[in-house]
Amino acid sequence: MLISQSLIKEVLKPDHCPKQIYFSFVQGYELIEPSESMLLGRYFESELIGACRGGAKQEPNLTLPTSLKPKANANKEELIDYIRKYDDTGFDVAGQNNSELKEFIKFMPKNETPGEKTKPFKECDDLILFAKEVFVKIGLDVNEGESQVDIRSETLSGNIDHRNYDLQDRSKLANYDVKWTATKIDDRWNGWGDPENDINSEIQAAHYTIVTYEVLGKWIPFYFMVFGKDKWVKIFQFKLTKDAIDRHYDRIAHTSAIIREYAENNFKGNGDFNKCISCPFYDICDDKSTIINIETIYI
């Protein structure tokens with residue numbers, strides 16, 4: 001199994017389960033049901049640079065379709081007008097009462113106007129326009145680059161959002177990761193107010209830089225381009241020191257050792273009842289715990 005930055009992050013979680021890793025990283029299932037925020041991030045990415053992870057396009061969430069069939073309180077004239085407009089079977093409306101007309105309409109084919117984008121996705125469209133304007137002003141043309149670069153070395157893998165010329169030196173290549181966030185510009189706890197102390201950002205930047213080096217044989221710049229829902233942008237270049245490179249190679253070695261151990265044990269699950277009951281793979285896992293611990297209290 002090639003080591004990805006997502007796999008490293010999962011192995012570093014103290015409560016991770018080997019069987020979850022098997023289903024997610026060997027079988028390729030979604031580890032969690034995508035939230036609306038995740039879908040918005042994928043939609044933003046695919047509309048801005050042409051595709052999201054895996055080269056796919058993320059479609060927006062839509063409101064429910066609206067039926068054009070007459071409402072329950074429609075009068076006879078409205079029922080007849082609808083049948084004459086949409087029926088192509090030659091149904092004879094003459095002499096039919098309201099109940100009979102409604103019964104016929106019930107079995108007519110669906111007739112709906114499609115749903116429209118939900119409000120969050122409409123707002124995301126505005127942010128996409130803002131982001132495209134930013135790209136123009138900083139001189140980044142996505143048409144000159146490559147999006148969703150699937151890169152693999154002998155032991156590592158990565159999926160880089162975008163590769164293009166370096167913003168600071170057009171004679172060089174650079175890797176870019178595009179982020180959508182609903183957080184505020186100065187959010188230090190959940191957002192991008194303190195990226196140098198965010199371990200997930202460090203892992204991603206280090207991993208993509210190292211796997212690129214192993215494939216291309218050169219160190220190229222890595223940037224996070226973060227766009228806030230409130231129409232702000234931050235660009236961070238992560239420059240790797242030797243210590244950062246060594247730290248990440250230690251993570252890679254640790255992850256490799258853990259995965260070898262799990263594979264030798266057929267990725268045996270380690271969950272108790274409460275951990276397993278909330279697992280997305282509960283129904284297909286042979287290792288799930290189905291027995292709840294009953295505590296006896298003497299009074």
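In what follows, every heavy atom counts, from backbone to side chain, and hydrogens, waters and symmetry copies are set aside.
Under a 4.0 Å N-O distance rule, the pair Asp186/Arg188 does not qualify as a salt bridge. Classification of Arg251 and Glu202 as a salt-bridged pair holds, one side-chain N sitting under 4.0 Å from a carboxylate O. A salt bridge is defined here as a Lys NZ or Arg NE, NH1 or NH2 lying under 4.0 Å from an Asp or Glu carboxylate O, and Asp81 with Lys85 fails to meet this definition. In summary, Asp15 and Lys275 do not engage in a salt bridge, as defined by a charged side-chain N under 4.0 Å from a carboxylate O. Under 4.0 Å is where a charged nitrogen must lie from a carboxylate oxygen, and between Glu45 and Arg53 no such pair does.
Put simply, Leu240 and Leu173 are part of two different groups of oily side chains (I, L, V, M, F, W, Y) that touch within less than 4.5 Å, one to the next. The cluster map of Ile, Leu, Val, Met, Phe, Trp and Tyr, joined by side-chain heavy atoms under 4.5 Å apart, puts Ile160 and Leu2 in different clusters. Leu62 is not connected to Leu40 by any chain of hydrophobic side-chain contacts under 4.5 Å among Ile, Leu, Val, Met, Phe, Trp and Tyr, and they are in different clusters.
Heavy atoms of other residues, nucleotides or ligands lying less than 6.0 angstrom from CZ of Phe236 number more than 12. Within 6.0 Å of NZ on Lys288 lie more than 12 heavy atoms contributed by other residues, nucleotides or ligands. Atom NZ of Lys57 sits in a crowded spot, with more than 12 heavy atoms from other residues, nucleotides or ligands closer than 6.0 Å. More than 12 heavy atoms of other shown residues, nucleotides or ligands fall within 6.0 angstrom of atom CG in Asp169. No more than 12 heavy-atom neighbours from other residues, nucleotides or ligands sit within 6.0 angstrom of NZ on Lys229.
The closest donor-acceptor contact from the side chain of His248 to the backbone of Gln204 lies at 3.5 Å or more, if one exists at all.
Side chains of Lys268 and Tyr22: no donor on one and acceptor on the other come within 3.5 Å.
Within the structure, the salt bridge (Lys or Arg N to Asp or Glu O under 4.0 Å) test picks out the following pairs touching residues 141-166 (sequence neighbours left out): Glu144-Arg170, Asp150-Arg152.
Ile138 and Leu167 get closest at one heavy-atom pair: O-CD2, 3.7 Å.
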Worksheet item: After noting the C-alpha distance and the side-chain angles of Asp246 and Lys242, does the key distance pass the salt bridge (Lys or Arg N to Asp or Glu O under 4.0 Å) rule?
Response: CA-CA 6 Å; Asp246 290 343; Lys242 184 180 182 304; 2.8 Å; yes
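If you look at Tyr223 and His162, their ring centroids are not closer than 6.0 Å. Aromatic ring centroids of Trp192 and Phe224 lie under 6.0 Å apart. Taking the six-membered ring for Trp, Tyr213 and Trp219 have ring centres closer than 6.0 Å.
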